[in-house]
Amino acid sequence: MSLLHLAIIAPFIIAIFVPFFYKYIKGVHTGWFVLPLPILLFVYFISFISSTSNKQTITESFSWISSLGIDFTVKVDGLGLLFALLITGIGSLVVLYSIYYLSKNTEKLNTFYVYLLLFMGAMLGVVLSDNLIVLYAFWELTSFSSFLLIGYWYDREKSRYGAQKSMIITVLGGLAMLGGIILLYLMTGTFSITEIIAQSDAIINHPLFVPALLCILLGAFTKSAQFPFHIWLPDAMEAPTPVSAYLHSATMVKAGIYLVARMSPVFAEHALWVWLIAGFGLVTLFWGSFSAVKQTDLKSILAFSTVSQLGLIMSLLGIGAAALHFDELNPAIFTVATTAAVFHLINHATFKGSLFMVVGIVDHETGTRDIRKLGGLMNFMPITFTIAIIGAFSMAGLPPFNGFLSKEMFFTGMLSVLEMDFNWGILIPIIAWIASVFTFIYSMILVFKTFTGKYQPEKLEKKPHEAPIGMLISPIILASLVIIFGFFPNILSSSVLVPALETIMPAFSFDVKISFWHGVNEELLMTIGVILVGVILYFTLSKWRGVYGLFPEKLALNRFYDNSLDWMQKGSYGITNAYMTGSIRNYLAYMFTFIIIILAATLFGKDAFAFSTENVAQIEFFEVLLSLIIAIASIAILFTKSRITSIILTGTIGYIVSLFFVIFRAPDLALTQLVIETISVSLFLLCFYHLPKKLTEDPLSFKVRNAIISVGVGAIVTLIALSAHSNKLFDSISQYYIENTYTEAAGKNMVNVILVDFRGFDTMFEIAVLGIAALGIFSLIKLRKNGGKKVENK
């Protein structure tokens, strides 16, 4: 295992020790023990910049399930390194922020940091894995760990609801992505992303290509909160603010962006990839920015703004992929969109991370996030106000911050669509511009409704004051990066941007030069228009905000989601109540009837029934006699009214079967059968000792139904056995056991060797199931003896 593998696994290893730090070192905030890890990982990944800048890819592989083509192969290239730096860099700042945000006296820090480390490790695994199955495993682990983080305050109903919602939507998308991964494997014969990219030209016309494309995008859209799957993100804001700053601005929601970028070399040459990503991205961009304006909770505003910004990045990736589809046009027209996507990815992490932390500070120091209760905080929290100005103005796309640069590039990318010369193309830059106007409005609301205006102390739970310096360090660093990347954007060009861009679009070479001034052009005019219209709409907000009332609540996607869950729950209750009658006979009848129908339909529907007497041994008289004894004993059980008699007859059947094993030269199996039958009869007698000796109910009740089902099961099993014997498609495995039982497992009892060695895991899990059942039964007995009260050790 390489150092690179260890970097991914390190958060999981440290997570094991966090509970011990929390339990035994109570005088120190647990976060201080966690903080060194993301810092060290960040420094470690920085060391790869020189390699990726020189177009080198570092690959390390660890054999895992080689027989299935699943190896833990990790790869550091430009794209993976960019995300690894975001995960560890922002992660370091979030951990530092959480040390001052979460009290060591009132919060369960052991669980918080365990969940956070699980998420960090899972995200590193996602962005650095070259094997799609390994990537998927980490992908679902991000959903699981984010579920735990969102529901951290599990005593709150909204936290539980938000955690469940995010889990359902992202996991369902993940399952769709798994389907796409399997389809890619069927087309290429490999799970390696590198090898799949190498075969991309050969599979584009494959009939499974489009289904795979759709499945992969479904996974990406659900994870990155694209419309209409965006509804989970606002509810996820019930998580602690450090979680929101980490998961929902810089990392988890960017996983879908990463997946689209990573798989672009495979799918981008198909036009459907371009239009789906660009289309859904634009709709998400507009709807997120439009919805953010009507919110009154600061974190809700940031949630919808995140949805909007994710849509912006996604749409740019879609437009950028158009460079592969218009040979007659200069590819640079469209690659600027991809450049803008990657640059804005970084910018968004800086300004949105700082804004989430600002909102956390406001909530922490005032006790509320409701903008209707806030106002006039500028005098009490000048440093926080300054950070908010920097972050919000960057998000609005105002100079001299980094958001202005990537927003100008965004406009350039949207205007490039006009070069395609297709109907309705003009709508794309128009939608982008309108969404930018709403982005400007909610950015102004975020700052000025909170920090300016009338101070309302009577509506606040706490007297506001500036946050402690420890809580301010992280947002100050992020705000500083907003300014630094704004004034000196090209420090990222050759070191971070170009390697990532060449990974996304390997067919092109990039020479990124970002500058503030390009003269008076269309992009600058669009920005001026955004500011002018945005200012007017902001100051007249009360006059036109009623437009949101035109959207009926019953058509809201959240309402549809809630109703769907209610319908499924009521439907499942209805179906369950229909067959859960409390009668074991009914349950057995349902199961056996289902078995008869399914097996019969398969047997005759597939024309699989066959009957052949070739290679059939002669039936001897004593075999017929033993069969008659079994049949008579089986029928007698139906008529007996004594439990003891029923048990003895059942044992008789088992012992006769063991004689058959002896006749068919299987002494090991016969011995095993005798032992099992003896134990079973003894246990039955022991259990039924406490029950009445005679059956109180009529043993032949429902005899017609029971007879039909019994005959049906016997007939279908017999037909299957005859067909299996008559269709010898391959040699029996019994010869393998005969030849290898002693040589491979050093055992003479073939049955024991099969159970313990050849089927060792099967037997182990059977024992585990029996053990769990035994514990459950023991617990029920203990609870019954104690009258259902909790059993306590004395």
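Rounding to the nearest 0.5 angstrom, the gap separating the CG atom in L178 from the SG atom in C215 is 9.5 Å. Remark: L135 CG to Y258 OH distance equals 6.0 Å, nearest 0.5 Å. Of the inter-residue distances, the one linking L213 atom CG with W273 atom CH2 reads 6.0 Å to the nearest 0.5 angstrom. Atom OG1 in T503 sits 4.0 Å away from atom CG in D77 (nearest 0.5 Å). For the atom pair NE2 (H230) and OG1 (T306), the distance works out to 12.5 Å, reported to the nearest 0.5 Å. Atom-to-atom distance recorded for L481:CG and I346:CD1 is 10.5 Å, nearest 0.5 angstrom.
The salt bridge (charged side-chain N to carboxylate O under 4.0 Å, His left out) contacts involving residues 229-243 comprise K165-D235, where partners must be two or more places apart or lie in separate chains.
Between L4 and F45, some side-chain heavy-atom pair lies under the 4.5 Å cut-off. P19 is listed as a side-chain neighbour of V114, based on a closest heavy-atom distance under 4.5 Å. At a threshold of 4.5 Å between non-hydrogen side-chain atoms, the residues W153 and K158 do not count as touching. Between L218 and M177 the shortest side-chain heavy-atom distance does not fall below 4.5 Å. Side-chain contact between L149 and F119: present, with at least one pair of heavy atoms (C-beta onward) separated by less than 4.5 Å. Put simply, the side chain of Y100 does not reach to within 4.5 Å of the side chain of H364, judged on heavy atoms. Side-chain contact between L186 and L208: present, with at least one pair of heavy atoms (C-beta onward) separated by less than 4.5 Å. Contact check for L184 versus M187: side-chain heavy atoms found under the 4.5 Å cut-off.
The distance between the ring centers of W139 and Y136 does not fall below 6.0 angstrom. Centroid-to-centroid, the aromatic rings of F267 and H270 stay 6.0 Å apart or farther. Residues F280 and F221 bring their aromatic ring centres within 6.0 Å.
The two residues M237 and K299 have their closest heavy-atom pair at O-NZ, 2.8 Å.
Taking the six-membered ring for Trp and thresholds of 30 and 60 degrees, F20 and F17 have ring planes inclined between 30 and 60 degrees apart.
Remark: K26 qualifies as a cation-pi partner of Y22 under the 6.0 Å distance and 45° angle criteria applied to the six-membered ring.
Counted within 6.0 Å of CZ on F12, heavy atoms from surrounding residues, nucleotides or ligands total more than 12; the atom is thus considered enclosed.
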